[in-house]
Number of protein chains: 2
Amino acid sequence: MTTSTQAPRRTRIQQEKRELILEAALEVFSTNGFRGSTIDQIAEAAGMSKPNLLYYFRRKEDIHETLMERLLETWLAPLRELDDIGDPMTELRSYIRRKLEMARDFPRESRLFANEILQGAPRIMPLLAGELKTLVDEKAAVIKGWMRAGKIARTDPWHLIFSIWATTQHYADFDVQVRAVLGPNRGGDGRFEDAARFLEQLFLDGLKPKN
Amino acid sequence: MTTSTQAPRRTRIQQEKRELILEAALEVFSTNGFRGSTIDQIAEAAGMSKPNLLYYFRRKEDIHETLMERLLETWLAPLRELDDIGDPMTELRSYIRRKLEMARDFPRESRLFANEILQGAPRIMPLLAGELKTLVDEKAAVIKGWMRAGKIARTDPWHLIFSIWATTQHYADFDVQVRAVLGPNRGGDGRFEDAARFLEQLFLDGLKPKN
DNA sequence: CTAACGTTTGTCCAATCGGTCAAAAATTTG
DNA sequence: CAAATTTTTGACCGATTGGACAAACGTTAG
């Protein structure tokens, strides 16, 4: 008789299969949205039958929930790293770079998150108003300190963070549009380096010509 | 006798009911996505029965298509207005302002568009690679002219346009997150003015402190 | 071996989906 | 008025959906 524990005890096969399902679900959910995705699609992408998938996750929503929980931590990691020590301008620049790298390397995660927010964040609203807000407020205070010390120009730290999120995630969420507009020549792999160069200049000096 | 139009001749009732349906569909599609929305939802929001709705639009996709066609024109209008005459910096500033106003006044349109792009733009890909790319290329040339004339700093015009789209539309597409992070105090109606102030400064001067 | 347990599958179900259709109701036309 | 046309509705259909379930299969410990 196996003793029951509070946290679910899992066999090796369960661990592996659950990972397989989550990987497949990330692919499917991020391109079709939650309601636009079917269990069959996920099961096929994971290489198993639907009832078999439902053996590991009893409901479609459970998969999505597990995915979102993991996602948030990964997603906020770069902001957590924003540190008070070190040169402010350098800190911000590397935050932007890290976020852009995430857009390049984890576009599915970005789209999954965007999908959730777009539809009103029904499943993660508490996290936004709780954990996320706390973190952003904390980092906004750090940035405010830099402004008071004259290390960076005075602006609204919250909107500064928003603008970094927006500009970097754009290259994941709107990738199709970016590539379509840049065309076959400039829409290749180099687009992220071009974006990095542009964003660095934008956030550093803006557009006003130096005379 | 009412004046005839070139293609589909429509009665007064048809015109009105089609408008009613499109308005309802905009609401439903923009919050649930295409596959996440049902004809019944749209019909209910429009105050009519499903078969009655299908009398005006034979397929669910027809509604979405009509919506997207209209949307794109409205959506690109601000960029079309970006004009070669007038002070470059002023032109860019008012483009940003207009885009931000659209995010404030037409968030549903923005979300509908974002939903479509997020899912790979299956229905408007030709428009992106055609009409949109042409327009952006054209405006990018204008901006390049400004750069050559030393009116604004030299950067990548395409990524500049992307960054304007990203930062402004963020306030429509990610509105839930923005309000959650700003909290009850700063997340009210003033958030768009704060955003306008911040974006103006960002695009003008960047973050480097003026010494 | 066998018993126990973990895993997989085929079958099935109720609900919902997009869409059809004929007939009723309302409106317009002569 | 009545006839013709447009609009609305209830009933219905096949396909797909999320999910249940028991039986079969595989694996391992004694």
Side-chain angles (χ1 to χ4, degrees), chain A residues 1-5 7-29 31-68 115 119 122-123, chain B residues 1-5 7-29 31-68 115 119 122-123:
Chain A
M1 169 192 300
T2 52
T3 47
S4 63
T5 50
R9 181 171 306 182
R10 299 203 172 102
T11 67
R12 199 205 64 228
I13 293 186
Q14 276 174 343
Q15 300 245 17
E16 291 174 0
K17 290 298 173 80
R18 282 175 65 95
E19 285 311 313
L20 208 76
I21 292 168
L22 288 173
E23 158 65 26
L26 173 60
E27 182 71 28
V28 176
F29 279 145
T31 50
N32 301 106
F34 180 76
R35 290 203 53 186
S37 306
T38 69
I39 302 183
D40 283 289
Q41 282 179 310
I42 301 172
E44 195 195 334
M48 63 179 70
S49 65
K50 179 168 71 169
N52 195 10
L53 181 147
L54 285 167
Y55 170 71
Y56 294 103
F57 290 91
R58 304 184 67 162
R59 294 179 312 152
K60 179 185 173 185
E61 229 182 337
D62 291 347
I63 310 175
H64 191 264
E65 198 181 309
T66 307
L67 225 39
M68 291 301 295
N115 252 307
Q119 317 211 337
R123 294 166 234 275
Chain B
M1 175 187 287
T2 53
T3 48
S4 62
T5 49
R9 184 170 304 183
R10 297 203 172 104
T11 67
R12 196 206 67 229
I13 292 185
Q14 275 174 342
Q15 299 246 17
E16 291 174 1
K17 290 297 173 76
R18 280 175 66 95
E19 284 311 311
L20 208 77
I21 292 169
L22 288 172
E23 157 67 25
L26 174 60
E27 183 71 29
V28 176
F29 279 144
T31 50
N32 301 106
F34 180 76
R35 289 204 56 185
S37 306
T38 69
I39 302 184
D40 284 289
Q41 281 180 308
I42 301 172
E44 194 194 335
M48 62 179 72
S49 65
K50 178 170 69 171
N52 195 12
L53 181 147
L54 285 167
Y55 170 72
Y56 294 103
F57 290 90
R58 303 182 70 161
R59 294 179 312 152
K60 179 186 174 186
E61 230 183 339
D62 291 346
I63 311 175
H64 191 264
E65 198 181 309
T66 308
L67 224 40
M68 291 301 294
N115 251 306
Q119 316 212 337
R123 292 165 241 275

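A quick note: this is a predicted structure, and the numbers were derived from the prediction, not measured. The chains referred to below are lettered A, B, ... by the order of the sequence lines, with proteins before strands, and numbering in each begins at 1. Note that these values count all heavy atoms, side chains included, but never hydrogens, waters or copies made by symmetry.
- Side-chain proximity of B:Asp40 to the nucleotides D:dG18, C:dC17, C:dG19 is greatest for C:dC17.
- Checking D:dC21, D:dG10, C:dG19 against the side-chain heavy atoms of B:Arg59 singles out C:dG19 as nearest.
- A:Lys60 contributes no side-chain N or O that forms a donor-acceptor pair with the base of D:dG19 under 3.5 Å.
- One can place NE2 of B:His64 at 13 Å from P of C:dG18, the figure rounded to the nearest angstrom.
- Counted within 6.0 Å of CD on A:Gln41, heavy atoms from surrounding residues, nucleotides or ligands total more than 12; the atom is thus considered enclosed.
- The phosphate of D:dT7 (OP1 or OP2) has no side-chain N or O of B:Asn52 nearer than 4.0 angstrom.
- Within the 4.0 angstrom heavy-atom criterion, base atoms lie near B:Leu54.
- Between A:Met48 and B:Phe34, the residue anchored closer to the 5' end of DNA chain C is A:Met48, taking for each the nucleotide with the nearest heavy atom.
- For CZ of B:Arg58, the number of neighbouring non-hydrogen atoms (other residues, nucleotides, ligands) closer than 6.0 Å is 12 at most.
- Look at B:Ser49 and you'll find a side-chain N or O under 4.0 angstrom from OP1 or OP2 of D:dT9.
- A residue-by-residue look at A:Gln41 and A:Arg58 shows that A:Gln41 has its nearest nucleotide of DNA chain D further toward the 5' end.
- Closest approach to the B:Pro51 side chain among C:dG19, C:dT9, D:dA11 is made by D:dA11 (side chain taken as heavy atoms from C-beta onward).
- For B:Tyr55, no side-chain nitrogen or oxygen approaches OP1 or OP2 of D:dT8 to under 4.0 Å.
- Between D:dT6 and B:Gln14, no contact under 4.0 Å exists linking OP1 or OP2 to a side-chain N or O.
- Backbone-only contact: A:Lys17 has heavy atoms under 4.0 Å from sugar-phosphate atoms and none from a base.
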Next item on the list: Evaluate side-chain contact (heavy atoms from CB on, under 4.5 Å) for A:Phe29 paired with A:Ile42, printing each intermediate quantity in order.
Entry: CA-CA 8 Å; A:Phe29 279 145; A:Ile42 301 172; 3.8 Å; yes

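- Judged by the 6.0 Å and 45° rule, A:Lys17 forms no cation-pi pair with A:Phe57.
- Within 4.0 Å of B:Phe57, counting heavy atoms only, lies no atom of the nucleic acid at all.
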